[in-house]
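Take a look at the structure below.
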Amino acid sequence: YLVGIIIIVLWVTSLPAFSTWVVRSLEDEYPPVPLNQLASADAVVLMGGFVTDVRRPGTGGDLTAAVDRIWHASRLFHAGKAPVILVSGGNVKAGKVAEAVLIRPLLVELGVPLTAIRIETHSRNTHENALYSAAALSRMNATRVLLVTSAMHMKRAVATFAKAGLNVIPAATDYRAPVSGQWGQFPWLPQAWALSQATDAMKEYLGLWYYRWRGWA
């Protein structure tokens with residue numbers, strides 16, 4: 001019976017129809033907002049999670065699918081929504097370069113002045129992102145922030161940053177699920193990408209539950 005249950009669970013979670021539904025259940029809470037409709041803030045907080053470790057000297061690390069975050073943060077800055085960008089991202093592996101250090105030159109390439117970039121290099125998860133960012137922002141006398149992260153991650157991020165005492169304006173990006181009704185080809189045929197996407201979404205639900213249980217969100 002256990003093997004049968006495992007097979008059924010894997011089959012269901014690898015269906016594009018199910019994957020899209022569970023991802024949209026998170027993303028739809030934070031729909032895209034045009035730049036001109038977003039409020040201004042004291043700072044943009046750009047959460048890491050889109051640059052991998054440097055595997056070869058001279059490279060800045062590989063960018064993942066969540067790279068939309070850096071584009072969105074730079075757009076907010078250039079639209080005059082905040083005077084500074086705080087990049088929050090350490091590295092979960094000891095001795096590795098902090099992600100925020102790798103992101104900073106990418107922002108400069110996107111036209112953000114170096115003087116307008118701050119980095120927080122110690123955090124290893126969303127909870128620490130919020131705590132260390134709040135401390136850095138306090139030193140800047142900043143309390144109102146435009147929080148940039150992936151739409152699927154935004155629910156947990158907003159709750160965690162608000163718990164840290166910040167006034168959070170969600171600025172979601174990196175949407176993975178299509179709009180309602182657009183299931184794509186073969187929505188009932190199991191596919192590996194659907195399983196991966198559904199896994200990420202369920203991880204977010206488990207993470208939110210755990211954060212609330214710990215009192216972090």
Side-chain angles (χ1 to χ4, degrees), residues 1-38 45-53 61-76 88-89 92 99 124-127 129-130 146-163 168-214 216-217:
Y1 289 110
L2 180 59
V3 173
I5 292 172
I6 292 174
I7 291 174
I8 291 172
V9 170
L10 286 173
W11 179 75
V12 171
T13 53
S14 64
L15 294 175
F18 174 84
S19 175
T20 299
W21 171 76
V22 71
V23 170
R24 286 193 62 230
S25 69
L26 288 166
E27 293 185 341
D28 284 357
E29 291 194 45
Y30 300 95
V33 180
L35 290 181
N36 61 2
Q37 294 181 20
L38 277 169
V45 175
L46 170 59
M47 298 188 68
F50 56 87
V51 180
T52 61
D53 294 331
D62 292 324
L63 304 180
T64 71
V67 70
D68 291 8
R69 299 181 189 185
I70 193 172
W71 301 115
H72 198 43
S74 65
R75 291 188 191 106
L76 290 169
S88 180
V92 297
E99 188 178 5
R124 297 165 297 174
N125 53 47
T126 302
H127 172 58
N129 284 143
L146 282 157
L147 183 60
V148 177
T149 189
S150 301
M152 194 192 308
H153 179 235
M154 185 61 79
K155 186 179 182 74
R156 180 160 57 104
V158 167
T160 309
F161 273 74
K163 190 75 172 183
V168 181
I169 304 170
T173 188
D174 183 33
Y175 292 87
R176 300 193 193 183
V179 297
S180 180
Q182 295 183 358
W183 300 97
Q185 289 185 320
F186 311 115
W188 304 107
L189 181 66
Q191 298 189 44
W193 67 263
L195 177 60
S196 175
Q197 187 166 275
T199 300
D200 289 343
M202 289 185 287
K203 174 186 173 184
E204 279 303 319
Y205 276 116
L206 288 172
L208 182 60
W209 173 82
Y210 178 74
Y211 272 41
R212 285 173 174 170
W213 177 68
R214 289 294 302 267
W216 295 347

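Please read these numbers as outputs of a predicted model, since none were measured by experiment. Any value given below was found using the heavy atoms of this structure, including those in side chains, with hydrogens, waters and symmetry copies removed.
- Here Tyr205 contributes atom OH and Leu26 contributes atom CG; the two are 4.0 Å apart, rounded to the nearest 0.5 Å.
- Ring geometry for Trp209 versus Trp213: interplanar angle under 30°, hence parallel rather than tilted (30 to 60°).
- Across all non-hydrogen atoms, the minimal contact from Thr126 to Thr160 is O-CG2, 3.8 Å.
- To the nearest 0.5 Å, atom CG of residue Leu15 and atom OG1 of residue Thr20 are 10.0 Å apart.
- Here CG of Asn125 is found 6.0 Å from CH2 of Trp216. Values are rounded to the nearest 0.5 Å.
- Ion pairing between a basic and an acidic side chain is recognised when a charged N comes within 4.0 Å of a carboxylate O; Arg176 and Glu27 show no such pairing.
- For the pair His127/Arg214, no side-chain contact is recorded, criterion being any heavy-atom separation below 4.5 Å from C-beta on.
- Counting only distance, with no hydrogens or angles, the side chain of Glu99 and the backbone of Gly49 share a donor-acceptor pair below 3.5 Å.
- Considering only residues two or more places apart in sequence or on other chains, Val67 meets the side chain to side chain contact (heavy atoms under 4.5 Å, CB included) condition with Phe50, Leu63, Ile70, Trp71.
- Atom OH in Tyr175 sits 10.5 Å away from atom OH in Tyr30 (nearest 0.5 Å).
- Side-chain atoms of Glu204 and Arg156, non-hydrogen and from C-beta on, do get closer than 4.5 Å to each other.
- Distance CZ/Arg69 to OG1/Thr173: 9.0 Å, rounded to 0.5 Å.
- Leu76 and Ala171 make their closest contact through CD1-CB, 3.9 Å (heavy atoms, listed as atom of the first residue, atom of the second, distance).
- Remark: Val9 engages Ile5, Thr13 in a side chain to side chain contact (heavy atoms under 4.5 Å, CB included) (not counting sequence neighbours).
- The ring pair (Phe, Tyr, Trp, His ring centres under 6.0 Å) check on His72 picks up nothing, with sequence neighbours excluded.
- Considering all non-hydrogen atoms of both residues, Asn129 and Gly89 come closest at ND2-N, 4.2 Å.
- Between the CG atom of Leu146 and the CG atom of Leu35 there is a distance of 9.5 Å, given to the nearest 0.5 Å.
- Taking each heavy atom of Ala177 and Val23 in turn, the nearest pair found is CB-CG1, 3.7 Å.
- In this structure a side-chain-to-backbone donor-acceptor pair under 3.5 Å is present from Ser19 to Ala194.
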